[in-house]
Amino acid sequence: MKIINLIENTEGREGCAYAHGLSLYVETSKHKLLLDLGPSEETLHNAEKLGIDLSEIDTVILSHGHFDHAGGIMPFVKINPDAKIYMQERADADYYADEGEEAEGERYRYIGIDKAIAELPQVVKLRGDYQIDDELELFTLEKRSHALPFANKRLLIKENDTFVRDDFEHEQYLVIRDGSRKLLLSGCAHNGMLSILEAFKDKYGTAPDVVISGFHLMKKTKYTDEELREIIDIGKELKKYPTKFITCHCTGEPAYKIMKLSMGEQLQYVHSGEEVDLSRAVSKNTKKVRSAFMKWHKFYAWATVFCFVMTMVTGYKKK
């Protein structure tokens, strides 16, 4: 299995563009797919530099309806008109960011996707969870178990000329089954990674082995003391999971460094053009299963020996 970050906010592999947005290239045993397509055509240029043939992509997942994850879709379909594009049906609504009363330009900035995307014949509009096959599955969040992270409060949806808080019903998450492992891929985790993980556990009965996602904790201005505490608390809660976390994009490097203090090697950052090192992503959950298996194996061995000895002893007594 191979996962490469085609584009995100920070400089990574030499020669690859970096910009605010995200696109992940994924190769599985059955698929070549993309989770999101970044903010622009630069995503396609990076793929070419990395030797990735986008005409071979069979599946595209749009994680949510923001332009920095969908800007490369229209250029992409010109070279690959056959790949299915899965999006939630509300992903083409009118999404805005509130830049505040002191904004230099317009206060409310449009951040939605190109409306033409939703009209493409290869688009599959979904309402909630959807299983693509035995390897790929999409799930959504029906109810949050934790409060929205602070950085999402400025994100809005325009309905009937009125701006209201975005409910993020347009966000979906990709689950990949890779042998005994389950990988969870998300674009920005706008609903909050802690809520998403709780929903994952409810649906699958266990925590994911690997999570690759932005955490949407980035901020243009300085963090308040309350926001810093929230970042620290999220890191501490994530550390409790038997999961390897790989982040990028909207987490922001300052928040990443704060979380890294408590999470250590459990949290890694992948930059633009870099490949995710899945060889190190052996989770505590996997280790627990292995440990339990070894304990059972030893018990079985000793039980077999005991039964053999007792058989010999009782047989000897009968003689």
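All values below were derived from every heavy atom in this structure, side-chain atoms included, with hydrogens, water molecules and symmetry-related copies excluded.
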Please report the closest heavy-atom contact between [X] and [Y], naming both atoms and the distance.
{"X": "Ala70", "Y": "Ile113", "value": "CB-CG2, 3.5 Å"}
{"X": "Ser213", "Y": "Cys188", "value": "OG-C, 4.2 Å"}
{"X": "His271", "Y": "Glu11", "value": "CB-O, 3.6 Å"}
{"X": "Ile157", "Y": "Arg165", "value": "CG2-O, 4.1 Å"}
{"X": "Leu50", "Y": "Ile4", "value": "CD1-CG2, 3.9 Å"}
{"X": "Tyr86", "Y": "Ile132", "value": "CE1-CD1, 3.9 Å"}

Backbone of [Y] reached by a side-chain donor or acceptor of [X] within 3.5 Å:
{"X": "Glu171", "Y": "Thr140", "value": "no"}
{"X": "Asp36", "Y": "Gly38", "value": "no"}
{"X": "Lys219", "Y": "Ala151", "value": "no"}
{"X": "Asn80", "Y": "Ile57", "value": "yes"}
{"X": "Arg107", "Y": "Asp98", "value": "no"}
{"X": "Lys158", "Y": "Thr162", "value": "no"}
{"X": "Glu135", "Y": "Ile176", "value": "no"}
{"X": "Ser40", "Y": "Gly71", "value": "no"}
{"X": "Ser272", "Y": "Ala17", "value": "yes"}
{"X": "Gln268", "Y": "Val276", "value": "no"}

Side-chain contact test, heavy atoms from C-beta onward, threshold under 4.5 Å: evaluate it for [X] versus [Y] and give yes or no.
{"X": "Leu138", "Y": "Val175", "answer": "no"}
{"X": "Asp68", "Y": "Ile111", "answer": "no"}
{"X": "Thr247", "Y": "Val211", "answer": "no"}
{"X": "Leu217", "Y": "Pro149", "answer": "yes"}
{"X": "Leu184", "Y": "Phe139", "answer": "yes"}
{"X": "Lys203", "Y": "Asp129", "answer": "yes"}
{"X": "Leu35", "Y": "Val26", "answer": "no"}
{"X": "Ile117", "Y": "Val77", "answer": "no"}

Step by step, would you call Glu237 with Lys240 a salt bridge (Lys or Arg N to Asp or Glu O under 4.0 Å)?
CA-CA 5 Å; Glu237 288 300 311; Lys240 296 176 183 178; 2.9 Å; yes
Would you give the length of the straight line joining atom [atom1] of [X] to atom [atom2] of [Y], rounded to the nearest 0.5 angstrom?
{"X": "Ser186", "Y": "Met193", "atom1": "OG", "atom2": "CE", "result": "5.0 Å"}
{"X": "Ile73", "Y": "Phe76", "atom1": "CD1", "atom2": "CZ", "result": "9.0 Å"}
{"X": "His170", "Y": "Glu89", "atom1": "NE2", "atom2": "CD", "result": "12.5 Å"}
{"X": "Leu24", "Y": "Leu34", "atom1": "CG", "atom2": "CG", "result": "9.0 Å"}
{"X": "Leu183", "Y": "Arg177", "atom1": "CG", "atom2": "CZ", "result": "11.5 Å"}
{"X": "His249", "Y": "Ile7", "atom1": "NE2", "atom2": "CD1", "result": "10.5 Å"}

Does a side chain donor of either Glu106 or Tyr108 reach within less than 3.5 Å of an acceptor in the other side chain?
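The answer is no; no qualifying pair exists.
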Side-chain donor-acceptor pair under 3.5 Å between Ser55 and Asp53, yes or no?
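There is such a pair (donor and acceptor under 3.5 Å, judged by atom type) between the side chains of Ser55 and Asp53.
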The criterion is salt bridge (Lys or Arg N to Asp or Glu O under 4.0 Å); which residues satisfy it with Lys125, sequence neighbours excluded?
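Lys125 satisfies salt bridge (Lys or Arg N to Asp or Glu O under 4.0 Å) with Asp92 once adjacent residues are dropped.
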Is the [X] ring parallel, tilted or perpendicular to the [Y] ring (thresholds 30°, 60°)?
{"X": "Phe215", "Y": "Phe245", "result": "perpendicular"}
{"X": "His190", "Y": "Phe168", "result": "parallel"}
{"X": "Phe150", "Y": "Tyr223", "result": "perpendicular"}

Go through the steps for His146 and Glu198 under the test side chain to side chain contact (heavy atoms under 4.5 Å, CB included), then give the verdict.
CA-CA 9 Å; His146 296 72; Glu198 283 297 312; 4.0 Å; yes
Does the ring-ring contact (aromatic ring centres under 6.0 Å, His included) test come out yes or no for His216 and His66, once each step is laid out?
CA-CA 13 Å; His216 208 264; His66 289 169; 7.7 Å; no
Check this for me, if you would: do Arg144 and Asp167 make a salt bridge, where the nitrogen-to-carboxylate-oxygen distance has to be below 4.0 angstrom?
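Salt bridge between Arg144 and Asp167, a charged N being under 4.0 Å from a carboxylate O: no.
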Can you hop from [X] to [Y] via hydrophobic side chains spaced under 4.5 Å?
{"X": "Met263", "Y": "Leu194", "value": "yes"}
{"X": "Tyr173", "Y": "Leu155", "value": "no"}
{"X": "Val124", "Y": "Leu37", "value": "no"}
{"X": "Val270", "Y": "Leu33", "value": "yes"}
{"X": "Leu148", "Y": "Met259", "value": "no"}

Decide if atom NZ of Lys222 counts as having more than 12 heavy atoms of other residues, nucleotides or ligands within a radius under 6.0 Å.
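Atom NZ in Lys222 is not crowded, with 12 or fewer foreign heavy atoms closer than 6.0 Å.
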Ring center gap for Tyr269 and Tyr256 short of 6.0 angstrom:
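They qualify: ring centres under 6.0 Å apart.
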Hey, do the aromatic rings of His64 and Tyr95 have their centres closer than 6.0 Å?
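Judged by ring-centre distance (under 6.0 Å), His64 and Tyr95 do not meet the cut-off.
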Does the salt bridge (Lys or Arg N to Asp or Glu O under 4.0 Å) test come out yes or no for Glu99 and Lys220, once each step is laid out?
CA-CA 10 Å; Glu99 301 293 356; Lys220 294 179 180 179; 3.5 Å; yes
Tell me, with the steps shown, if Asp94 and Lys115 meet side chain to side chain contact (heavy atoms under 4.5 Å, CB included).
CA-CA 9 Å; Asp94 295 325; Lys115 300 293 186 182; 2.7 Å; yes
Test salt bridge (Lys or Arg N to Asp or Glu O under 4.0 Å) on Glu41 and Lys78; report intermediate values, then the result.
CA-CA 11 Å; Glu41 198 168 353; Lys78 292 178 181 178; over 6 Å; no
With salt bridge (Lys or Arg N to Asp or Glu O under 4.0 Å) as the test, would you mind laying out the steps for Glu56 and Lys32 before giving the verdict?
CA-CA 7 Å; Glu56 296 181 353; Lys32 292 183 178 179; 2.5 Å; yes
Using the salt bridge (charged side-chain N to carboxylate O under 4.0 Å, His left out) rule, pick out the option among Asp133, Asp134, Asp58 that qualifies with Lys30.
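In the set Asp133, Asp134, Asp58, the residue that makes a salt bridge (charged side-chain N to carboxylate O under 4.0 Å, His left out) with Lys30 is Asp134.
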Using the rule given for side chain to side chain contact (heavy atoms under 4.5 Å, CB included), can you reason through Glu137 versus Lys182, listing the C-alpha separation, both sets of side-chain angles and the distance that settles it, and then say yes or no?
CA-CA 11 Å; Glu137 187 171 352; Lys182 287 188 179 69; over 6 Å; no
